[in-house]
Structures are given as structure tokens and as C-alpha cells.
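A short write-up of the structure that comes next.
By convention in this document, chain letters (A, B, ...) are assigned in the order of the sequence lines, proteins followed by strands, and residues within each chain are numbered from 1. Basis for what follows: all heavy atoms, side chains included, without hydrogens, waters or symmetry-related copies.
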Amino acid sequence: MLCDRTCPGGGWNCGNTGVYGAAGKPLIGPTAWALLALGEFADRPSVQQCVRQGLDWLERASDGIRGPGSLVLAHLCLRAFGRTTGSLDSQLFARYVEGRHRWQIPELAWITLALRPSPDWLRPQIFESL
Amino acid sequence: MSRVAIRQASSYRADLREVILETLGEFKLGVKGKRVLLKPNFVGADPCGAVNTHPALVAAARECFLHLGASSVLVGEGSALERDTEAILETIGLREYLGPLEDAFMDLNVDEVRLVSLRTRASRLKKLYLPASVLRADVVVSMPKLKTHHWAGVSLSLKNMFGIVPGRCYGWPKNILHWAGISRSILDLNSTVRPDFAIVDGITGMEGDGPLEGQPKASGILVMGDDPVSVDSTCVRAMGLLPERVGYLERASLFLGNLKEEKIEQIGESLARVTQPFAVVPEFEHLKAKKA
């Protein structure tokens with residue numbers, strides 16, 4: 001279903017690939033979550049294309065990200081897939097320290113994950129140490 | 001009898017505060033000491049400036065209600081598509097117009113909620129969780145964009161109330177309302193939280209495949225009033241469409257307000273002067289008034 005609901009050109013939104021002939025526009029959050037969910041299946045031929053398109057779109061869109069929550073999710077996702085995070089690191093740090101936004105609990109949790117030295121939270125072994 | 005004001009405003013740089021203040025004076029909307037909630041239509045990315053209620057208008061309205069003695073004026077929205085509300089606020093530049101948002105803006109998608117029995121049974125919904133900020137408000141002001149809509153025909157002050165339904169409870173894009181029927185849900189929501197006032201941003205509206213993919217339409221008007229059905233009906237006429245053919249408006253006129261022209265006293269600009277035909281998607285061609 002996730003691959004079926006890919007927006008034309010890559011990425012995901014709420015699930016609308018198009019309405020009345022207009023292509024659905026992807027959003028950062030749903031794209032990052034869908035990619036993370038598909039991560040372990042990314043080698044499957046049926047999944048490869050939508051993952052690659054989604055990552056390409058996310059990478060292209062990352063320069064224009066305006067919200068801190070989206071910024072963190074994009075960072076988490078691109079890093080998990082070994083893609084370049086470009087200016088996201090400095091943007092993320094700047095937004096975190098400038099205190100302009102009211103960070104909510106989910107965003108704080110995500111940023112804690114994002115600022116880890118390595119994305120080991122993606123590997124199930126991490127839970128064995130708890 | 002209801003009253004609707006049509007005011008001309010050529011751009012968002014106009015003195016919108018004066019226009020709104022003068023109009024509010026004519027309606028004698030008692031807001032002194034009351035909690036006011038402004039509900040704009042903030043959707044997200046808006047390259048043409050035709051998707052979101054313009055922040056200049058929202059800021060002007062907020063100043064007016066504070067000037068008139070409201071104890072608080074909160075701007076509240078719960079976008080149906082974008083979960084990252086901060087991204088929307090950054091995109092539209094709300095801080096540049098409103099200042100710090102800590103006490104001025106509430107994300108209705110994640111507000112505290114209460115379970116409310118809906119006052120009508122047009123849909124099968126019966127009950128909905130609604131944001132406490134909306135339920136606590138003494139005066140709710142719907143501030144939509146003047147738009148056509150590919151599923152509802154038009155999106156104005158009544159449809160705009162979809163944005164009070166919290167995403168935290170119902171997900172995005174709030175499909176519970178779509179599954180229960182857009183028109184029916186509009187009726188149930190507005191019978192339960194009927195806007196006390198409406199200020200429609202028609203300075204730049206949207207025609208065609210609204211609410212997202214249409215084309216900007218510079219109508220240069222603000223439409224205001226204390227009967228949302230009358231305000232929306234007047235907007236529809238100003239778009240060159242027939243309000244009695246918009247299903248939910250026709251039904252809303254049975255219990256929420258006045259639709260018929262003879263029951264609406266027009267103040268400000270005349271309809272004939274400001275009417276500009278709006279394009280609609282083929283499914284809503286029947287809304288168009290026949291050419292004389």
C-alpha cells in the first residue's frame with residue numbers, strides 16, 4: 001500500500017496521489033516515516049523504486065524545509081539511508097539552540113535520536129542493552 | 001433578516017484594520033471582556049498566495065478585537081494535510097505579522113479535547129472530540145479564503161470549520177469527516193460550533209480546482225457578517241454562482257441562517273459591482289448562474 005500511494009515524482013503525503021488530474025504533492029513527515037518503514041525491505045524489487053524516488057525527493061526538498069519537526073525527520077531519514085544531510089545538521093542545531101519554536105515531546109524525542117553519534121537506534125540490538 | 005457587509009480592499013497592504021473595525025462597529029458585536037478565537041484557513045505551501053488566509057488580514061482582525069476590549073484573541077487552526085504546524089506558520093510568515101506566537105496561536109490539531117455531542121444528525125458522527133480552545137471561546141470568528149472546492153463546490157466560512165477537528169484524534173486528512181459525507185459533516189459541525197462572525201478573505205481568492213490546485217483570483221473584497229450562511233451565500237453570488245445549488249448551504253439555510261437574497265441586507269459595496277465569475281471543476285458546472 002505504501003508503494004501504491006507514492007506521489008508522482010516520489011515521496012508521500014496523507015495518501016492522495018492525485019485529485020482531478022493534479023498530482024498529489026509529497027510532504028516531509030509522511031515521506032520520512034514511509035521510507036523508514038520500508039527501510040528493511042528496500043532491496044526488494046517491488047520496493048526499490050519507490051524508496052529511491054522518495055529519497056531523491058527528500059534530498060531535493062531538504063533545503064526548503066521550514067518546520068523543525070520536518071527538519072528532524074528528514075535528517076533522521078536521510079542519515080539512516082546513508083544519504084547526505086547537507087545543511088540539515090547546522091539548521092537543526094541552530095533551530096534547537098535559538099529557542100524560537102515551542103518544541104513538543106515527539107520533536108524533542110526525534111531530535112534526541114537525530115543528535116546521536118550514529119543511527120544505531122535503527123538496529124533492534126539497541127533494545128537488548130535495556 | 002441578516003446583514004452582510006462587502007468591503008473593497010485592493011491589496012493586503014491596504015489599511016485592513018480600519019476596514020474591519022468600521023464593519024465590526026456596524027454589527028455591534030459585543031466582545032468586551034470576551035475570549036475570541038479567530039479560525040483562519042492555513043493549509044501550507046502557497047506559491048500563488050491563494051491557498052491560505054493572508055496573515056496580514058488575521059493580524060488586522062486580531063488587533064481590532066483587542067482594540068474593542070476582548071480579554072484574549074487566539075488564532076487557532078488545525079491543518080488537514082500538514083502535521084508540522086510550525087512548517088505552515090514559517091511558510092506563511094505568521095510571526096512577521098502577529099509577533100511571538102506563544103500566547104497568540106493554538107495548534108488545534110494537538111489542543112486539549114473534550115467529547116461533544118453534535119447538535120444535529122445530518123451525518124452519522126453523533127459525537128466528536130473538539131479542541132478546548134474552541135469550546136472555551138465566547139466568540140468564534142471564521143476567517144476562510146474565498147475559494148471554489150473540488151468536492152464541496154465552495155469552501156467558505158462553514159467549510160472552514162473542518163479545521164477545528166483535531167488531527168491528534170482523527171488523523172490527517174481528517175477522513176472521518178469525508179467518510180461521513182463532507183456536506184453532512186459541515187452541517188453537524190456548524191450546528192454545534194456556529195461561527196459568531198465571519199470575515200472572508202476575498203482580496204485574492206481561488207477559482208477552479210480549489211482548495212489547493214486552483215488559480216488565484218483577485219476579487220479585491222472582504223465579506224463579513226454575523227450570519228455565516230448569509231456571508232457564504234453572498235460570497236457564492238459574488239463568485240457568479242448560485243448558493244441554492246450548493247447542497248450544504250441550501251440545507252444550512254433551514255436552521256443555521258439565511259440564504260435568500262431578500263432575507264439579506266447588503267451593506268457596503270453592491271454585489272453587482274464586485275461579482276466576478278469564478279471557474280469551477282466540471283462536477284460543479286451546475287452551480288453557475290445562467291447568463292442574462
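By the neighbour-count criterion of 12 heavy atoms within 6.0 Å, atom OH of B:Tyr12 is densely surrounded, having more than that number from other residues, nucleotides or ligands. More than 12 non-hydrogen atoms from other residues, nucleotides or ligands lie less than 6.0 angstrom from CD of B:Glu283. The local environment of CG in B:Leu115 is crowded, with over 12 non-hydrogen atoms from other residues, nucleotides or ligands closer than 6.0 Å.
Scanning all heavy atoms of the two residues, the minimum distance from A:Ala23 to B:Glu213 falls at O-OE2, 4.3 Å.
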Using atom types as modelled, flag every donor-acceptor pair under 3.5 Å from a side chain in residues 35-46 of chain A to any protein atom, sequence neighbours excluded.
none

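Near-neighbour residues of residues 77-85 of chain B relative to chain A, defined by a heavy atom under 4.5 Å from a heavy atom of that chain, comprise B:Ala80, B:Leu81, B:Glu82, B:Asp84. Near-neighbour residues of residues 173-185 of chain B relative to chain A, defined by a heavy atom under 4.5 Å from a heavy atom of that chain, comprise B:Pro173.
For B:Asp46, the side-chain contact (heavy atoms from CB on, under 4.5 Å) partners at least two apart in sequence or on another chain are B:Val51, B:Asn52.
A donor-acceptor pair is defined here as one N or O able to donate and one able to accept, closer than 3.5 Å; such a pair exists between the side chain of A:Arg66 and the backbone of B:Glu90.
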